[in-house]
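Per chain, numbering begins at 1; letters A, B, ... match sequence-line order.
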Protein chains: 2
Amino acid sequence: MNIGQAANASGVSAKMIRYYESTGLIAPAGRTQSNYRVYGAEDVHTLRFIKRARTLGFSMDETAALLGLWQDKSRASADVKRIADAHIAELEQKIAELRAMTDTLKHLVHCCAGDNRPDCPILEDLAQSDAPERMNA
Amino acid sequence: MNIGQAANASGVSAKMIRYYESTGLIAPAGRTQSNYRVYGAEDVHTLRFIKRARTLGFSMDETAALLGLWQDKSRASADVKRIADAHIAELEQKIAELRAMTDTLKHLVHCCAGDNRPDCPILEDLAQSDAPERMNA
DNA sequence: CCTTGACCTTCCCATCATGGGAAGCCTTAT
DNA sequence: ATAAGGCTTCCCATGATGGGAAGGTCAAGG
């Protein structure tokens with residue numbers, strides 16, 4: 001299987017497969033006599049694992065850790081759970097931040113007439129935020 | 001006011017102030033004879049506006065648009081509202097994605113014993129995801 | 001007056017994960 | 001044999017931010 005087929009089969013672009021190889025996330029693929037990379041079903045399986053982890057929002061570092069645990073037959077499931085739990089916490093942190101943003105914005109939008117007049121509470125809010133620090137000029 | 005004072009007063013780092021100037025988001029600052037950038041209260045006000053917009057998750061492009069409207073006395077508040085609404089939609093899209101991730105992960109973590117045994121439903125899920133495309137090898 | 005430390009300047013590099021594109025070689029089908 | 005399309009490597013770009021080096025400047029204190 002060439003890199004293009006592996007890309008189709010795994011959902012990871014050829015570009016990213018080469019990149020993952022360059023960073024050591026995956027082992028260097030075998031090569032044909034004409035220097036084409038060669039992949040097997042097992043490699044596609046690994047790529048799909050990576051794809052899924054990335055889709056779930058794991059960073060490449062986290063993905064590498066999960067991949068290592070996946071390939072370690074003697075792993076403890078607690079190790080995996082720890083990574084997943086930490087990741088959930090990160091995601092929820094991010095969600096909370098985004099929610100705070102939308103709540104604020106929705107409130108402002110709600111107060112904005114949205115017509116041809118220039119008066120706009122959204123801009124007023126953006127402009128009038130309190131100084132974060134004291135000026136020492 | 002030097003750039004350091006402006007940074008303190010606005011909450012935008014000196015590095016970022018120079019960057020904003022380089023990208024045209026803000027006008028080039030005046031200079032002293034010794035080539036130091038000089039800022040006034042109005043500039044700090046603008047920087048705070050930018051800071052607040054960025055904090056609310058607006059991209060630099062969106063921020064530039066808002067800044068333009070802010071400085072345009074004849075703007076229509078509908079224009080601002082349109083940008084804000086679009087941004088809210090983006091944020092909610094992102095929140096939905098993150099929530100889907102956490103829901104999946106929480107489910108997996110819930111099913112994981114988290115002990116010293118190697119059996120781990122999290123890894124099994126990552127490994128067994130369906131092929132996104134047909135293999136044409 | 002001179003030194004010291006804190007500030008400023010520009011320029012380059014790194015992040016993180018991904019895509020775009022060029023130049024050149026290889027393979028496959030017509 | 002030729003054309004199309006896939007593969008290779010290499011460089012560059014993103015978005016917003018920080019780090020750091022090399023060198024100029026300013027203010028305070030000995």
Distance check needed: [N] [atom2] versus [X] [atom1], whole Å only.
X       : N      : atom1 : atom2 : value
B:Gln5  : C:dC8  : CD    : P     : 7 Å
A:Leu25 : C:dA17 : CG    : P     : 10 Å
B:Arg31 : D:dC26 : CZ    : P     : 14 Å
A:Asn35 : D:dG6  : CG    : P     : 18 Å
B:Asn8  : C:dA6  : CG    : P     : 15 Å
A:Met1  : D:dG6  : CE    : C1'   : 16 Å
B:Ile17 : C:dC7  : CD1   : C1'   : 14 Å
A:Leu47 : C:dT18 : CG    : P     : 12 Å

Legend entry - Pairing of A:Asp119 and A:Arg117 as salt bridge, 4.0 angstrom limit: no

Inset, instruction - Please determine if B:Arg99 and A:Glu92 form a salt bridge, counting it only when a charged side-chain N lies under 4.0 Å from a carboxylate O. - result: no

Inset, instruction - Check A:Ala7 against A:Ala14 and note the closest heavy-atom contact, atom names and distance. - result: CB-N, 3.7 Å

Can you tell me which nucleotide in [options] comes closest to the side chain of [X]?
X       : options                : value
A:Met16 : C:dT18, D:dA16, C:dT27 : C:dT18
B:Tyr19 : C:dC11, D:dT17, C:dC8  : D:dT17
B:Ile3  : C:dT9, C:dG19, D:dT25  : C:dT9
B:Tyr36 : C:dG20, C:dC8, D:dT8   : C:dC8
B:Arg18 : D:dC7, D:dG20, C:dT10  : C:dT10
B:Met60 : D:dC7, D:dA16, D:dT25  : D:dA16

Legend entry - Other residues, nucleotides, ligands: >12 heavy atoms within 6.0 Å of B:Asp72 CG: yes

May I ask you to verify if any side-chain N or O of [X] is less than 4.0 angstrom from the OP1 or OP2 atom of [N]?
X       : N      : result
B:Thr32 : D:dT25 : no
A:Arg37 : D:dT8  : yes
B:Arg54 : D:dG15 : no
B:Ser34 : C:dC8  : no
A:Tyr20 : C:dT18 : yes

Inset, instruction - Spell out, as yes or no, whether a donor-acceptor pair under 3.5 Å connects the side chain of B:Ser77 to the backbone of A:Asp115. - result: yes

Inset, instruction - Answer with yes or no whether the side chains of A:Ser59 and A:Asp61 bring together a donor and an acceptor at under 3.5 Å. - result: no

Legend entry - Position toward the 5' end of DNA chain C (nearest nucleotide), A:Gln33 or A:Ser13: A:Ser13

Inset, instruction - Would you indicate what A:Ser59 reaches in the nucleic acid, counting non-hydrogen atoms under 4.0 angstrom: base, sugar-phosphate, or nothing? - result: sugar-phosphate

Legend entry - Residue whose nearest DNA chain D nucleotide is more 5′ - A:Ala14 or B:Lys15: A:Ala14

